[in-house]
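Throughout, protein chains are lettered first and strands after them, A, B, ... in sequence-line order, and every chain is numbered starting at 1. All of these numbers come straight from a predicted model, not from anything done at the bench.
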Amino acid sequence: MVSPAVPDKPSLEGLEARWGEVWEAEGTYRFDRTRPRAEVFSIDTPPPTVSGSLHVGHIFSYTHTDTVARYQRMRGKAVFYPMGWDDNGLPTERRVENFYGVRCDPSIPYADGYEPPEKPGKKRQDYEAISRRNFVELCERLTETDEQVFEDLFRLVGLSVDWRLTYTTVSERSQRTSQRAFLRNLARGEAYSSEAPSLWDTTFQTAVAQAELEDRERPAAYHDLAFHRSDGGGDVVISTTRPELLVSCVALVAHPDDERYQSLFGSSVTTPVFGVEVPVLAHKLAEPDKGTGAAMICTFGDLTDVIWWRELQLETRAVVGKDGRFAREAPEWLTTDDARHAYEQFAGKAAGGAQQVMVELLRASGELQGEPEKITHPVKFYEKGDKPLEIVTTRQWYIPNGGRSEELRAALLARGAELAWHPDYMRHRYDNWVGGLNGDWLISRQRFFGVPIPLWYRLDADGEPDYDAPLGPPESALPVDPQSHVPDGFTADQRDQPGGFMGDPDIMDTWATSSLTPQIACGWEEDADLFATTFPMDVRPQAHEIIRTWLFSTVVRSHYEHGTVPWANAALSGWILDPDRKKMSKSVGNVVVPTDLLEQHGSDAVRYWAASGRPGTDTAFDAGQMKIGRRLAIKVLNASKFALGIGEAAADASVTEPIDLAMLAELAGLVDDATNAFDDFDYARALQRTEDFFWRFCDDYLELVKSRAYGDDEAATSARVALRVALSTLLRLFAPILPYVTEEVWSWCHDGTDALPGFTTGSVHTAAWPDASELRVIAGDPAEAAGGPSPLLVAADVLSRIRKAKSDAKVSMRAEVASVTVSDTPDRLAALALAIGDVCDAGKVADVHTAEVADGAEAGVDVVLAEVTAAGG
RNA sequence: GGGCGCAUAGCUCAGUUGGCUAGAGCGCUGCCCUUACAAGGCAGAUGUCGGGGGUUCGAGUCCCUCUGCGCCCA
């Protein structure tokens, strides 16, 4: 039999490097693709954005997933745990531009062997313009470096990822998957293009989706404007925060039940300054208690305007362009010279400047009633932008998401209900979001870097595109860039020529690709066997704030493509808050660099801190927790050293002493708790229970059995076997959280070819998760199971009283005790009797008396310390 | 305005279907160099379980309500 190889001075130093190498060399975390679906646990890892550095929040949430991955692996699952890098999107685009001094211009042809300027230009306008393909190549070049840094850090944290499975979202395969999914949506009628009012960011020059909006409180002012009844019956006053849009006013509106306007509905009024005739209409979205109860409808000031415009079938009088400025030419619906002259005074201006001019014009004409009333109100912004969004009519591609179809909305809500959410209440965010959608998913973006929309359009004799019959490539040709590739049946010189074709200039929203991470990771249409054994996946771990984007869009794509949910479980992690409970973010400057933490405290300690944060709960950054984690890891080393160093016992030796049996029975209960917790993705609970048991195991059980275990009789053997079983069990329970220290101790128990009973020759991380029923077989039917008090608990209790007496007397714990008198109930005394030898040994007690007390009477432990003879001489 | 969550010791938090005197860690105080562990151990003090009402033999736990904080959405 092997002997335990315990170092004299166990230490945590260097464990990360040592075991990291071994795990890599032995392929400990490699996915076994030969296993059937039922034996696979697949994880849809969130691909972190590769455009800066990982922060402590990544360490936090990725550790959560890793603990579950490790648990499932020990449960015998083949764990499919890939890493992805999100290098597709605006952050990467910006980083590549600034790093190399280049910018993307899709109209430029691809340059073979392109090298960026040696010295990047200082200003954006000096950046070198390059083709999209060259831009993507530079992106791949830069992100490769970043990705290696990320991988090294994640390895150091101990993520049990199979690094052979890593994918990137800008890779050819991801682009192919993204375009293939889009083309299938198109073929099934699930994607459509439409010219419609869209939310438009004038800085980024792109349309944005509902999911990318955020409200920000901005100062504004109500301006009361006098419209004039066409029948000469006086003025109608409305309040608006955007008087500059008066020129695009197409109607006035009031609530259908508003008595003040009953006689006006159906009549018409003329606008101030411009004298344009517009109807007065009724619609239930008009709010009677806002301003005068009447509002002007402009095309378009806000999303409500769009609804009114659509439902009341109004004209379109758009004047604000994609650059956010008023058109230079006066619009044709201004028919009088005065009106055109007025317009010219703010033509070409942006909203703010135009408003100033417009207010002066209104004031001069006497049609501004009173002074503007200052307010603050929520204004829609693109989440990454810093100018309010405008609404501009453009042609865009959409995928229906239930925002315009109750049937589809219900189907997608049902998909959400199919998911098991961890924690469960997170499902409300999904329901809330899907229930509140009011438009389809806008997937096209007027950016340059990203997955192109893989379509071309025929140009008619006048050079006008035919949007109704787009030309798509065969799937075998994917990925394509319609700006450089040519559709079947055309030649390159027909590009942008009448009778020829044009490529769709847009790219897809980054979520349109990210929503396919299960398909990308599992090899949809690329690796049929892999896909069959990994999809639908077991779990999507992610942050709760992107339920509305990443989670929802993934459900949408899977619903369309596979008619199923993409995963069985959604595990939501919280945020990291700084010690003042503010969300950590770069802009606040309160970010902690993870490499320093890992170096300072060690990976297991940092993981311990991470695993202490309950699923879904925002957690404060707390270096104190890491110190506790480190202390725990050291304790695991020392307790293991003791348990293993105390002596061996034969494989078939049995546990006979009641106190040992009681400890193992309690341990079986712990295994049940930890197993249930991990099955529910509650790593924090599993850790807490295990840790709690472990400290009591060290403080009480180890102290109680210490002297007995050194003997050579059956009672000693009983203790040694129990210690060995408990150690093996506890190491495996801790292994998902503390992979390094548990692997270290596990390695003491085997030499690669032979292992101590209860241990294995391989990694603890591929050992079987503890089995409570096996423990119960060993523990038999101890007193506790029969309903009586546990000998261990009663003994620990009495030992604690003895310690207290010594502590009160300010003597060493080694001090002799002359006698102990325990007064307690008969059943507790009976339990104590089963462990009294251990109690006396541990407490250095010479003599014990017991006294029975009736139920409810005062129980107690009287301790008489031995007289100190010749103390100090 | 709607939804969700949180409120327990100075701090961070456990407390699963209601059940003995409400717990842990940190911090604080005291003691102990104890042959696994001084980067340690042992012990101690500390509570209107946010307020009010209800159900119950019994409520931190269930119900109602109010307050405060946070998040999601409109």
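- At the heavy-atom level, Lys706(A) lies under 4.0 Å from base atoms of the strands shown.
- G68(B) and U8(B) have their C1' atoms separated by 16 Å, with the value rounded to a whole Å.
- Within the nucleic acid shown, Arg630(A) comes within 4.0 Å of at least one base atom, counting heavy atoms only.
- As a whole-Å value, the separation of Leu702(A) CG from A36(B) P is 10 Å.
- If you check every strand for non-hydrogen atoms under 4.0 Å, Arg689(A) touches a base.
- An OP1 or OP2 oxygen of C31(B) is reached within less than 4.0 angstrom by no side-chain nitrogen or oxygen of Ser812(A).
- Residue contacts for Glu703(A): at a heavy-atom cut-off of 4.0 Å it reaches a base atom on one of the strands shown.
- G19(B) and U61(B) are spaced 11 Å apart, taking the C1' atom of each and rounding to whole Å.
- Judged by closest nucleotide on RNA chain B, Met426(A) is the one of Asn638(A) and Met426(A) placed further toward the 5' end.
- Rounded to an integer number of Å, the gap from CG of Asp797(A) to P of A43(B) is 11 Å.
- Applying salt bridge (charged side-chain N to carboxylate O under 4.0 Å, His left out) to Arg548(A) and the options Glu214(A), Glu383(A), Glu212(A) leaves one that passes, Glu383(A).
- Residue Ser640(A) is out of contact with every strand shown, counting any heavy-atom pair closer than 4.0 Å.
- Asp622(A) has its CG atom 9 Å from the P atom of C13(B), to the nearest Å.
- By the 4.0 Å N-to-carboxylate-O rule, Glu13(A) lies close enough to Arg630(A) to be salt-bridged with it.
- For Ile628(A), the side-chain atoms get nearest to G25(B) when compared with the rest of G25(B), A39(B), C42(B).
- One finds a side-chain N or O of Arg548(A) lying less than 4.0 angstrom from the OP1 or OP2 phosphate oxygen of C73(B).
- A gap of 13 Å separates the C1' atoms of G53(B) and A59(B), to the nearest Å.
- Between Asp699(A) and Arg803(A) there is no salt bridge, since no side-chain nitrogen of the basic residue lies less than 4.0 Å from a carboxylate oxygen of the acidic one.
- The residue Lys635(A) sits close to a base: some heavy atom pair falls under 4.0 Å.
- For Arg814(A), taking side-chain heavy atoms from C-beta onward, the closest of the listed nucleotides G2(B), U34(B), G41(B) is U34(B).
- Rounded to whole Å, the P atom of C66(B) lies 11 Å from the corresponding atom of G2(B).
- Between Gln625(A) and Thr617(A), the residue anchored closer to the 5' end of RNA chain B is Thr617(A), taking for each the nucleotide with the nearest heavy atom.
- Rounded to a whole angstrom, the distance from the P atom of C4(B) to that of U48(B) is 30 Å.
- Ionic pairing of Glu648(A) and Arg724(A) is not present here: no N-O contact between side-chain nitrogen and carboxylate oxygen is shorter than 4.0 angstrom.
- When rounded to the nearest whole Å, the span between CG of Asp700(A) and P of A24(B) equals 12 Å.
- The pair Asp692(A)-Arg696(A) meets the salt-bridge criterion, since a charged nitrogen lies less than 4.0 angstrom from a carboxylate oxygen.
- Rounded to whole angstrom, the span from the CZ atom of Arg696(A) across to the P atom of G23(B) amounts to 14 Å.
- When the C1' atom is used for both U67(B) and G52(B), the distance is 11 Å, rounded to whole Å.
- In summary, Asp660(A) and Arg708(A) engage in a salt bridge, as defined by a charged side-chain N under 4.0 Å from a carboxylate O.
- Annotation: A22(B) and G18(B) have their C1' atoms spaced 14 Å apart (nearest Å).
- Within 4.0 Å (heavy atoms only), Tyr710(A) reaches sugar-phosphate atoms of the nucleic acid but no base atom.
- Across all strands, Asp692(A) comes closer than 4.0 Å to no nucleic acid atom at all (heavy-atom distances).
- Between Arg631(A) and A39(B) there is no side-chain polar atom (N or O) within less than 4.0 angstrom of OP1 or OP2.
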